[in-house]
Protein chains: 2
Amino acid sequence: MSTDSQTASPISPLAPKEMPILHSVSGLKVGTTETGMKYKNRDDLLFVEFDEGTQVAGVFTQSKTPGAPVDWTINALKASKGQARALIVNAGNANAFTGKAGLQTTQDIATSLSRKINCSRTEILQASTGVIGEPLDPQPLVTGVEDLMAKEEQGFEAAAKAILTTDTFPKAASAHLSIHGCQTTITGIAKGSGMIAPDMATMLGFIFTDARIAPHVLHQLLQDYTDKSFNAITVDSDTSTSDMVLLFATGASADYPMIADCDDPALDEFKGGLQSIMIDLAHQIVRDGEGATKFVEIEVTGAEDNRAAKTLALAMANSPLVKTAIAGEDPNWGRLIMAAGKSGERVDRDKMKLWIGDQMVANEGARVAGYSEEQATTHMKGEVIRLKLDGGTTGTGTATVWTCDLTHGYITINADYRS
Amino acid sequence: MSTDSQTASPISPLAPKEMPILHSVSGLKVGTTETGMKYKNRDDLLFVEFDEGTQVAGVFTQSKTPGAPVDWTINALKASKGQARALIVNAGNANAFTGKAGLQTTQDIATSLSRKINCSRTEILQASTGVIGEPLDPQPLVTGVEDLMAKEEQGFEAAAKAILTTDTFPKAASAHLSIHGCQTTITGIAKGSGMIAPDMATMLGFIFTDARIAPHVLHQLLQDYTDKSFNAITVDSDTSTSDMVLLFATGASADYPMIADCDDPALDEFKGGLQSIMIDLAHQIVRDGEGATKFVEIEVTGAEDNRAAKTLALAMANSPLVKTAIAGEDPNWGRLIMAAGKSGERVDRDKMKLWIGDQMVANEGARVAGYSEEQATTHMKGEVIRLKLDGGTTGTGTATVWTCDLTHGYITINADYRS
C-alpha cells in the first residue's frame, strides 16, 4: 500500500462509467473536510448531522479483534435504542488494535461532539478505516467537525470520496420511491477494495433515507439485505476489523405514522429500492477489488439449504485456484469441482451439474458429451463471468455471490509496495 | 500449468540442497516406468509389490468430490481389514470427476493386477494424481506393470520422481531405528506443490516400514501424526480431490510378535522416527509451494484448545493479505491481528501477544512500546519466517502450522499458462 491511494493505483477497469445522480435526503446535513492527518489534498473526514428523531440500525464485522469505533457504535446503538444525531467517519487510521488509548479516543470524540450538538453521547456514531495499530488522536477530528459546522452543506458525492482509502473510485447509489404516497429518498455510500483490504481499506456502508421507520424494522431489513449484498461478496476472503453498515432514517419526508411492522405493505416499494441499492453498492466494491479484471457471479442451486448453498458458492469464490483460472481466462472447470468438494457441504458428486456462462459443462459426475471448450473460453474472455453449480441434492437451497479474479495486480498492491 | 512441469518451473529456491539417503525396506519391491500417456521422457507410473502379510493404514481427502481411486482405496482397506499386496500410482491424470467410467477403470486395474499377483482385488491399493475430469484408460497402466515385473527392482528415489506432477523436486525421507532391538527402516515419499495444486498436482504420501505392526495401530499413528504434519500445512487453502497418505508395514525386518497396542513401549523410538519423517515430508511440500520464496512457521498458544489453536494458525497461514505481506518482506503485523480476528475462534483482544521472529511486537491490545520495525524487517528478509500468536485466553491450546508466501510466481503458474 502506498500512502496515497489516488496516485498509486489506476481506476479499476471494472468501475462504473459515471457517478449516478445522488438525491439529497431531507433531515440530515452532510459535510466533509481535510484533517491533514494522513492524506494530502483530499478530504478524509465525513460528518453527518441528523435531525432529532432519526432512527438507526447497524450490522458489524464478526471479527474477534474489532476496532474501537466498532465497539463504540455497537454499544451506542444498544444504549440509545436506535437513536442517532451524528455520524463521524475518518479515513486513513482504523483505530484498531490500539488498546485503551483507542477506546479513550472514541469516548473523547463522543463527549466533544455531543456537547456541540446538545445530544446524548450514545447518539454519536463513529467509524474509522485505515491503518491498524496506529494510535488515533481525537483532536484533529473534533477540530475538523467544528470547521464543518461553519461551512455550507456538501453532497453525497463528497461524502463518498471522503471515506475512501485504497479504493480507486467512489461508490454510491440512490433512488426515489414512495411510501404511503409520499416521495421518499434512499441514498447510500460505501467504501472497500477488498472484503477487507490491507492496512488501508475496509468495508464501510452508510445508507440514508428520509422515511419514517422504527429501529427494529430498520434492523430487520438491514440484516436481511446485508446477507444478499455486502455479505455475499468476497475479494480475498479476509474479514476486516472495522466493517460496518449503518442504515439511518430521518423521518423527514412526510408525517405518516412511524412504520413499526416489517410486513407493512406500505414498505413493499421501499424494500425493493433498499435491496437494489445495497446490491449495487456491494457490486461496486467487488468492481474495485484489488487488481480485479473480471466481475464474477456464482450461483448455486440444489444445495441442502440456503446456508449450504452460500458456503458452496463462497468456497468457489474464495478459491485461489478458481480465481487465478478466471484471471487466465481458462475454463478450468475441474477447479470449480475441487472447490465445491472442499466446502464441507454435502453435494451428490454423481448428480452435480456445472455451467460456464450458458453452457452446461459437467453432469452426472463427468464432463458433458459435446462440451465445447471454445464456447467456454469465449465466455471466460468477457468482463462479466457467470458460473453456476447445481449440487445435485434433493434440497432446494440457493445462493448467489459475487467476486473478482486474482491477478498479478493483487500481488503488486499487497506485496510489492511497503507500508 | 504447462504439460511438462519439469521444464515449466525452475526448482524451488526453498528446495533441500540434496536428496537424503533413502534406505531400502525389506518385504517390498519398487518399480517405476514410463507409460507415455502424458509426460515425455520421464517415469509416470509407480508400482510397489508387497510380501504377504503386509499391513496398511490410510488417511484420505475430506473432499466431497473425491476421485475414483480414493473411493476404491478407502473401500479396499475396509474390505481387506488393512492387508496390502500392491500399490499402483500414476501421475498426470487424477481419474477424478470421471463418473462411472472412472470407477470402472479402478475395477479393471484391480482385476488385472490381482490375477498377476494372485491376491484379492481389495489388496490392490490405487492412487492417481493430475488433471481432473479426463477419462483414464486402465490399459497403459496394466501394461506398464507387466513390463515392470520383468525388470530389476528400482529404488525409492525413482519412486519419488515417478509420482510428481507440477512439483519442482522429488520429496523423500528415511530413517533407521530399533524395535525390540531389531533394526527397522522407515522410508517415505510424497508429492504436492500446493495443498492442492491445480489440475496437475495434489498431495500424496506413501510411507513404508519393515516393522511388524497391526493395521489398527498403524491407523492410529498415521492419524495422530498426519494432524501434526500433512494436515498442518497449507499452500493455498485448496483441498485436493485426490489427497491420500498410506502407511505400509511389511513386517519383514524381524520376527517379534506383531505389535497390536499403540502404547507398547517397544514403539517409542519408532513413533519418534515416523513423526519426524512425516513432518519432514510435509515441510518439503511447503518448500515446493507454487511460487514460494519463504518458508513460514506459525505457532499459536493460549487458545481455548488445540483445535481452536489450529484454526487460528490456519486463518493466519491462509490469509492472502498475510501471505502477500510475507512475500513483500513487510512486518505488517496488523494483518496477522486481522487474520486471527476473522478465524471465528475466541481470543482476548486485550491480552493477545504477537511475535515476529524473537521480537514481541504487540501485547495488551496494542503495539509494544519500543517496537523495532527495523528488527522485524530484518527477520522478514530471511528465508524462514517465524510468527507466534498467544490468544490471551485462559486455555492451553497450542498448534504449529507451516505455509509459504503468496507471490507473482503463484499467479504466473496458475493464471498465465493455459492448460
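A quick note: this is a predicted structure, and the numbers were derived from the prediction, not measured. Heavy atoms only: backbone and side chains are in, while hydrogens, waters and symmetry mates are out. Proteins come first, then strands; the chains are lettered A, B, ... in the order of their sequence lines, and each starts at number 1.
Of the residues considered (Ile337(A), Asp348(A), Thr407(A), Val347(A)), Ile337(A) shows the highest number of contacts with chain B, using heavy-atom pairs under 4.5 Å. Most heavy-atom pairs under 4.5 Å with chain B, from the set Arg346(A), Arg367(A), Met352(A): that is Arg367(A). Counting heavy-atom pairs closer than 4.5 Å to chain A, the top residue among Ser343(B), Ala325(B), Ala362(B), Gly344(B) is Gly344(B).
Here the closest non-hydrogen pair linking Ile411(B) and Leu406(A) is CD1-CG, 3.7 Å. Among all heavy-atom pairs drawn from Trp333(B) and Gly133(A), the shortest one is CH2-CA, 3.7 Å. Heavy-atom minimum distance, Thr65(B) versus Gly341(A): OG1-CA, 3.3 Å. Contact record, Lys64(B) with Glu345(A): CG-O, 3.4 Å, taken as the closest heavy-atom pair.
Atom NZ of Lys342(A) is separated from atom CG of Asp243(B) by 12.0 Å, given to the nearest 0.5 angstrom. Here the CD atom belonging to Glu364(B) is positioned 10.0 Å from the CZ atom belonging to Phe97(A), to the nearest 0.5 angstrom. A distance of 12.5 Å separates CD1 of Ile326(B) from CG of Asn414(A), quoted to the nearest 0.5 Å. Atoms CD1 and CG, from Ile132(A) and Asn332(B) in turn, are 8.0 Å apart once rounded to the nearest 0.5 Å.
For the pair Asp71(B) and Arg349(A), the minimum side-chain heavy-atom distance is below 4.5 Å.
The parts of Pro66(B) that come within reach of chain A are both its backbone and its side chain, each placing non-hydrogen atoms under 4.5 angstrom from that chain.
The environment of Glu374(A) atom CD is sparse: at most 12 non-hydrogen atoms of other residues, nucleotides or ligands sit within 6.0 angstrom.
Residues of residues 98-107 of chain B lying under 4.5 angstrom from chain A, judged on non-hydrogen atoms, are Thr98(B), Gly99(B) in numerical order.
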